[in-house]
> 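Take a look at this one; I'll ask things after.
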There are 2 protein chains.
Amino acid sequence: MAKTLYIEDEKEIGQWVTEDLTGRGHDVTWLTSGNQLEQYLNNIDLAILDIMLPGLDGFSIGKRIKKANQDTPIVMLSARSAVEDKLEGLSFADDYVTKPFHPDELAARVDALLRRFQKEEGILEIRHLQIDTKSLIIINKQTEKEILLTGKQYQLFQYFLRHLNQILTKEQLYEGVWGERFMEGDKTLMVHIRYLREKIEENPAKPTIIETIRGIGYRVKK
Amino acid sequence: MAKTLYIEDEKEIGQWVTEDLTGRGHDVTWLTSGNQLEQYLNNIDLAILDIMLPGLDGFSIGKRIKKANQDTPIVMLSARSAVEDKLEGLSFADDYVTKPFHPDELAARVDALLRRFQKEEGILEIRHLQIDTKSLIIINKQTEKEILLTGKQYQLFQYFLRHLNQILTKEQLYEGVWGERFMEGDKTLMVHIRYLREKIEENPAKPTIIETIRGIGYRVKK
DNA sequence: TGTATTATTTAAATTTTGTTTAAAAATGAA
DNA sequence: TTCATTTTTAAACAAAATTTAAATAATACA
C-alpha cells in the first residue's frame, strides 16, 4: 500500500481527495501545511502538493522532499493560470494536475507515477534472505521457508529496506515507524529490533543483517 | 534537530515563540539579552534576534555571530517602521520578520533559511577520507574500509567538519560537543581526540587530519 | 640546556548504552 | 467475551564507550 503525503489547505478539497485516494487503496496522510513536514519526510512513497499554501509554499516543500529522497515522485496541484505562470519553478515535479480536476484523473496520474518510480521492483537478496519487494514475501533461502513478521516488525524492516545502506538514528527509526516523538532512553525500538533479529538473522546473538551502530542507531546493508 | 538561539527581551513574545518553535521540532535557547552570547556562539545552527534589546542591540549581536561563523543564518525581528528606518544596517542578516507576525510565517522563514544554509549534504573528501554527510558513512579510500565511530567521536568529528579550516579552542570544542562548561585542565577532550585520531589518521602519532594548535586547540583543514 | 608547560598515551574505573528475558497490557479474531 | 497474539514495559545482565588518573613525551622559553 503506497504511502502518500498530501498537502492541501482547502479543507473541502482535501477531504474529498483524501477519501477518494484512500478508497482506491492508498494510505494517505493529509496535512494542511508543510509545518510538520520533517516527521514524514523519510517515510513516504509519493507526495501530492498544492502550490498555494500558508507558510511554506508547495515549491519549497517539493524541493525539500526531493532533497531528502530523490526517488519520491511528486505531483503538484494548482489552478491552471498559476501553473503556466511558474512552469519553470516546477522543474523538480514529476507531474502536475490543474484544478479543478476529476478524481479519476488524479488517481490515474498517481498510479502511473508509482509504477514509473517503483523501487527496483522484484527480488532483493540480502545475505540468506530473499525479499520480494512487491508482494512483501520474505524467504529464508537456507531453510526455503517463508518468514512471517508481525505488523511492527514489517514496518520496521520496510523502513530499513527503504533506506538501505544508510545509518539510521534511533530517532529516525522510531519517528519513521511509530510516527511519534522519540523519548531519550526508551527501549521499545530495541526490543522490536531484538524480535526482528530473532526471525531474520542466522544467529540473532551475532547479527549480520541489522547492524548496531552504537550511540547512534542501526543499519541494514545490501 | 536545529539548534536555534533566540534573543528577545519581551517575556510574553519570547515564551510564545520559544514554545511554538520547540513544538515544531527545534531546539530553542531563549535569552533575554546578549550578555551570555559568547558561550553559545559556536554551537548554534541559526539565530533569531530582536533588534531592540537592553544592553547589546540586535545589530551588534548579529554581527558578532557572523564574525564567529559566517555560515550561521540570522533572522531579525522588529517593528515594521524600525526595519524601514535601518534597512542598511541589516546587511548581515539573512531574513527579517516584522512584528506582529504569525508563528507560521516565522517558522516557514526559519525552515527556508536552514535549508538554504545547509552545509553541502553529500560527499566531502579530506586526505584519504571520504565522508558522506547524509548517510553518516566514512570510508578510508586507501583500505576501502568503512570507519565506524562511537557516539562522542561522531559528534566531535562533525563539529570539526562544520567548522572546517577554523582553529577551534578547547573551550569551543568541549562546549560545542558536550554542551557543558569546559574546566581548565580537563583532559577528557584530548583523550577523545586521541581515540578519534586512532581511527581516522594514517599514522595517529603524526596526525595530518586533526592538527594540534598548541596552547589553543585543534583544527581540521580541507 | 634545563625547567615548566602542555599534549599524548595507556590503563583502570565508571557510566552509559544495548541485549535479553519475562511479564503486563493492548489488540484483534473467533 | 475469551483466547491467542502482538506490543509495550520493566528489570537484570552484558558489552562497550566515556571519563578519570597517572605516566610519558614534546615543546616553548628563560
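Chain identifiers are assigned alphabetically (A, B, ...) following the order of the sequence lines, protein sequences preceding nucleic acid strands; residue numbering begins at 1 within each chain. Hydrogens, waters and symmetry mates are skipped; everything else that's a heavy atom, side chains included, is used.
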> Heavy atoms only, 4.0 Å cut-off, all strands: where does A:Gly185 land among base, sugar-phosphate and nothing?
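Nothing, no nucleic acid heavy atom in range.
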
> Name the nucleic acid region contacted by A:Lys206, choosing base, sugar-phosphate or nothing; use a 4.0 angstrom heavy-atom cut-off, strictly under.
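Result for A:Lys206 = nothing.
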
> Would you indicate which nucleotide in C:dA7, D:dT7, D:dA16 comes nearest to any side-chain atom of A:Lys152?
D:dT7

> Is the phosphate of C:dT6, meaning OP1 or OP2, less than 4.0 Å from a side-chain N or O of B:Lys187?
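For B:Lys187, the contact criterion (side-chain N or O under 4.0 Å from OP1 or OP2 of C:dT6) is not met.
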
> In whole angstroms, how far is the P atom of D:dT8 from the CG atom of A:Asp186?
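After rounding, the gap between these two atoms is 9 Å.
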
> Taking only side-chain N and O atoms of A:Arg194, does any of them lie within less than 4.0 angstrom of OP1 or OP2 on C:dT21?
yes

> Would one find a side-chain N or O of B:Arg197 under 4.0 angstrom from OP1 or OP2 of C:dT8?
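Yes, B:Arg197 has a side-chain N/O under 4.0 Å of OP1/OP2 on C:dT8.
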
> Checking side-chain polar atoms at under 3.5 Å, does B:Arg197 have a donor or acceptor matched by the opposite partner on B:Thr212?
yes

> Taking the nucleotide of DNA chain C with the nearest heavy atom to each, does B:Gly215 or A:Pro207 sit closer to the 5' end?
B:Gly215

> Just how far, in rounded Å, is P of C:dT6 from CD1 of B:Ile216?
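Distance, rounded to whole Å: 12 Å.
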
> Does C:dT19 have OP1 or OP2 under 4.0 Å away from a side-chain N or O of A:Thr212?
yes

> B:Gln155 has an atom CD; how far is it from atom P of C:dT17, in whole Å?
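Distance check: B:Gln155 CD to C:dT17 P gives 10 Å.
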
> C:dG18 P sits how many Å from A:Glu198 CD, rounded?
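Distance, rounded to whole Å: 20 Å.
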
> Verify whether one side chain among A:Arg219 and A:Asn165 offers a donor that lies under 3.5 Å from an acceptor in the other.
no

> If I take atom CD1 in residue A:Ile213 and atom C1' in nucleotide C:dT17, what distance separates them, rounded to the nearest angstrom?
14 Å

> Would you mind reading off the distance between A:Leu148 atom CG and D:dA4 atom P, rounded to a whole angstrom?
20 Å

> If I take atom OH in residue A:Tyr195 and atom C1' in nucleotide D:dT5, what distance separates them, rounded to the nearest angstrom?
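For the pair A:Tyr195 OH and D:dT5 C1', the rounded distance is 12 Å.
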
> Inspect the contact between A:Asp95 and A:Arg109 and indicate whether a charged nitrogen and a carboxylate oxygen are less than 4.0 angstrom apart.
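Yes, this pair counts.
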
> Give the minimum heavy-atom separation between B:Lys221 and B:Ile126, together with the two atoms involved.
O-CG2, 3.7 Å

> Do the side-chain N or O atoms of B:Trp178 get closer than 4.0 angstrom to the phosphate oxygens (OP1, OP2) of D:dT19?
yes

> Please say which of B:Glu19, B:Lys11, B:Glu12 ends up in a side chain to side chain donor-acceptor pair (under 3.5 Å) with B:Gln15.
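For B:Gln15, the side chain to side chain donor-acceptor pair (under 3.5 Å) check succeeds only for B:Glu19.
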
> How would you label the contact of B:Tyr218 with the nucleic acid (heavy atoms, under 4.0 Å): base, sugar-phosphate, or nothing?
sugar-phosphate

> Using whole Å, report how far CG of A:Leu156 lies from P of D:dT6.
15 Å

> Is B:Thr188 close enough to D:dT18 that one of its side-chain N or O atoms is under 4.0 Å from OP1 or OP2 there?
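B:Thr188 to D:dT18 OP1/OP2: no side-chain N or O under 4.0 Å.
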
> Of the options D:dA26, D:dT19, D:dT7, whose atoms approach the side-chain atoms of A:His192 most closely?
D:dT7

